[in-house]
Amino acid sequence: RSSDLLMLVLFFLVPSAIFSSIETTWTYLDAFYFCFISLCTIGLGDYVPGEQYDQKLRAFYKICVTFYLLIGLMAMLLILQTFHKAADLHGLTDLVFLPTDEELEADDQERILSPCTTPTRTSEPPDRK
C-alpha cells in the first residue's frame with residue numbers, strides 16, 4: 001500500500017504542482033487532470049504542456065515532459081502488472097475470466113512459425129518433349 005501511495009505522490013501529485021506552477025493558465029486540478037489522462041493513456045489532447053510562446057526554456061521543458069510521460073507510463077505498466085499478479089495469486093483472475101500467468105507464459109512460448117520442412121517428391125515429373 002505504501003508503494004501505491006508513493007506512486008500517486010511521485011507521478012500525480014508532485015507533477016501536478018509543477019505543471020500548475022509552470023503553466024500559467026492551468027489550475028492544480030487542470031494539471032492533475034493532465035497527469036491522469038496522460039498516464040492512463042486516454043490522452044484527449046485538450047491540455048498540452050509547453051504551448052505558451054513566452055515560456056523560458058520551452059524546448060527543454062517539452063523534453064522533460066516527454067521523459068516524465070515515458071517514465072510515468074512505465075510506472076503505470078508496473079502497477080497494472082503487479083495488480084494482475086496479485087489477482088492471480090488470490091484466484092481473482094478466474095472470477096473475471098482473465099488469463100493466468102501460466103497461460104500468458106504458455107502463449108509466449110508457442111512457436112510463431114511451424115518448423116520448416118522441405119517438400120519431398122514422390123514421383124518424377126513427366127518428360128517434356
Side-chain angles (χ1 to χ4, degrees):
R1 294 185 187 258
S2 63
S3 63
D4 294 336
L5 184 61
L6 180 67
M7 297 297 270
L8 175 71
V9 169
L10 286 179
F11 291 102
F12 290 103
L13 300 179
V14 171
S16 297
I18 293 170
F19 283 129
S20 66
S21 67
I22 293 175
E23 299 289 333
T24 57
T25 59
W26 292 9
T27 65
Y28 183 81
L29 188 59
D30 292 336
F32 185 84
Y33 169 80
F34 167 76
C35 294
F36 180 80
I37 291 297
S38 298
L39 294 183
C40 292
T41 67
I42 298 169
L44 299 176
D46 48 352
Y47 288 95
V48 180
E51 291 300 310
Q52 298 171 359
Y53 293 106
D54 59 344
Q55 278 182 331
K56 296 178 181 177
L57 302 171
R58 183 175 174 214
F60 178 70
Y61 175 55
K62 285 192 169 210
I63 290 171
C64 290
V65 170
T66 302
F67 279 113
Y68 158 71
L69 292 174
L70 287 173
I71 292 169
L73 287 172
M74 286 188 282
M76 292 299 287
L77 176 66
L78 179 66
I79 289 172
L80 290 174
Q81 285 180 337
T82 303
F83 285 153
H84 185 268
K85 286 188 184 278
D88 194 26
L89 286 174
H90 295 291
L92 298 175
T93 53
D94 294 333
L95 184 65
V96 291
F97 305 113
L98 293 174
T100 62
D101 279 341
E102 290 83 25
E103 291 171 351
L104 290 174
E105 288 176 9
D107 286 344
D108 287 342
Q109 301 299 321
E110 287 182 13
R111 290 188 171 272
I112 295 173
L113 300 173
S114 60
C116 295
T117 57
T118 57
T120 57
R121 293 187 181 181
T122 56
S123 63
E124 292 294 318
D127 290 334
R128 290 188 186 178
K129 293 186 183 180

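Predicted, not measured: the structure shown is a model, and the values here were computed from it.
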| request: Establish whether L39 and L78 are linked, either directly or via other cluster members, by ILVMFWY side-chain heavy-atom contacts under 4.5 Å. | output: no
| said: What verdict does the side-chain contact (heavy atoms from CB on, under 4.5 Å) test give for Y47 and T25, after you've listed the backbone C-alpha separation in whole Å, the side-chain angles of each residue and the deciding distance to 0.1 Å? | reply: CA-CA 10 Å; Y47 288 95; T25 59; over 6 Å; no
| Do V48 and L44 share a hydrophobic cluster, counting only Ile, Leu, Val, Met, Phe, Trp and Tyr and linking them when any side-chain heavy atoms are less than 4.5 Å apart? | no
| field | Verdict with supporting geometry, T66 and I63, side-chain contact (heavy atoms from CB on, under 4.5 Å) | value | CA-CA 5 Å; T66 302; I63 290 171; 5.5 Å; no
| query | Around atom OH of Y28, are there more than 12 heavy atoms of other residues, nucleotides or ligands at under 6.0 Å? | reply | yes
| query | Between I71 and L6, is there a shared hydrophobic cluster once you connect ILVMFWY residues whose side-chain heavy atoms come closer than 4.5 Å? | reply | yes
| message | Count I, L, V, M, F, W, Y as connected when their side-chain heavy atoms are under 4.5 Å apart, and connections chain through other members. Are Y68 and F60 then in the same cluster? | response | no
| field | Verdict with supporting geometry, Q55 and E23, side-chain contact (heavy atoms from CB on, under 4.5 Å) | value | CA-CA 9 Å; Q55 278 182 331; E23 299 289 333; 3.2 Å; yes
| query | Under 4.5 Å between side-chain heavy atoms, hopping through other hydrophobics if needed: is there a path connecting M74 to I37? | reply | yes
| field | Backbone of C35 reached by a side-chain donor or acceptor of S38 within 3.5 Å | value | no
| remark: Rounded to the nearest 0.5 Å, the OG1 atom of T24 sits from the CG atom of D54 at a distance of 7.0 Å
| query | Residues two or more places apart in sequence or in another chain: which of them pass ring pair (Phe, Tyr, Trp, His ring centres under 6.0 Å) with F32? | reply | F12
| query | To the nearest 0.5 Å, what is the distance between CE (M76) and CE (M7)? | reply | 8.0 Å
| field | Atom pair CG (L77) and OG1 (T82), whose distance is rounded to the nearest 0.5 Å | value | 9.0 Å
| remark: The reported gap from SG in C40 to CG in L73 (rounded to nearest 0.5 angstrom) is 9.5 Å
| field | Where V65 and P49 come nearest, the two heavy atoms and their spacing | value | CG1-CG, 3.6 Å
| query | About how many Å separate CZ of F19 and OH of Y33, when rounded to the nearest 0.5 Å? | reply | 14.5 Å
| request: Drop me the distance from F34's CZ to L29's CG, to the nearest 0.5 angstrom. | output: 14.5 Å
